[in-house]
Amino acid sequence: LYIGRIFIDSTHHKKGFGISLMNLVENFDPKVKEINLDTPSWNHRTNSFYRKLNYIAEKQEDGFVYYRKNLK
């Protein structure tokens with residue numbers, strides 16, 4: 001599964017909406033075994049967020065960090 005852009009309005013940051021949304025995405029289809037996504041390398045907040053959720057940085061290229069997470 002590849003996740004495109006997801007935005008949480010800044011007035012709603014730090015309220016758990018991002019974690020809840022990612023939990024829904026990760027548990028949406030039990031056949032999905034891997035999730036891939038990317039985020040701008042300059043955005044320290046989103047990079048920290050995905051690392052906190054156990055996404056692994058696979059590569060950095062053209063101003064983006066590409067992440068992968070294997071689901072159980």
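Side chains are part of it too, since the values below use all heavy atoms of this structure and drop only hydrogens, waters and symmetry mates.
Here the closest heavy-atom approach between residue I35 and residue I3 is recorded as CG2-CD1, 3.4 Å.
With sequence neighbours left out, Q60 forms a side chain to side chain donor-acceptor pair (under 3.5 Å) with no residue at all. With sequence neighbours excluded, no residue forms a side chain to side chain donor-acceptor pair (under 3.5 Å) with N27. Contacts of R5 classified as side chain to side chain donor-acceptor pair (under 3.5 Å), with partners at least two apart in sequence or in another chain: D38. Remark: F64 engages no residue in a ring pair (Phe, Tyr, Trp, His ring centres under 6.0 Å) (not counting sequence neighbours). Take S10 and apply the side chain to side chain donor-acceptor pair (under 3.5 Å) test, not counting sequence neighbours, and it matches no residue.
Using a distance-only test at 3.5 Å, with no hydrogens or angles considered, no donor-acceptor pair links the side chain of K14 to the main chain of T11. In terms of modelled atom types and a separation under 3.5 Å, the side chain of S41 and the main chain of G63 share a donor-acceptor contact. Formation of a donor-acceptor pair under 3.5 Å by the K69 side chain with backbone atoms of E26 is not found in this model. Formation of a donor-acceptor pair under 3.5 Å by the N54 side chain with backbone atoms of N70 is not found in this model.
Residue W42 is found outside any hydrophobic cluster, as its side-chain heavy atoms come under 4.5 Å of no other Ile, Leu, Val, Met, Phe, Trp or Tyr.
With a 6.0 Å radius and a threshold of 12 heavy atoms from other residues, nucleotides or ligands, Y2 has its OH atom above the threshold. Summarising the local packing, NZ of K52 is surrounded by 12 or fewer heavy atoms from other residues, nucleotides or ligands at distances under 6.0 Å.
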- Message: Please evaluate residues V25 and L1 with respect to the criterion side-chain contact (heavy atoms from CB on, under 4.5 Å), reporting the C-alpha separation (whole Å), side-chain torsions for both, the decisive distance (0.1 Å), and the verdict.
- Response: CA-CA 9 Å; V25 169; L1 175 67; 4.0 Å; yes

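F7 CZ to L21 CG: the interatomic distance, rounded to the nearest 0.5 Å, is 12.5 Å.
Taking the six-membered ring for Trp and thresholds of 30 and 60 degrees, Y50 and Y55 have ring planes more than 60 degrees apart, a perpendicular arrangement.
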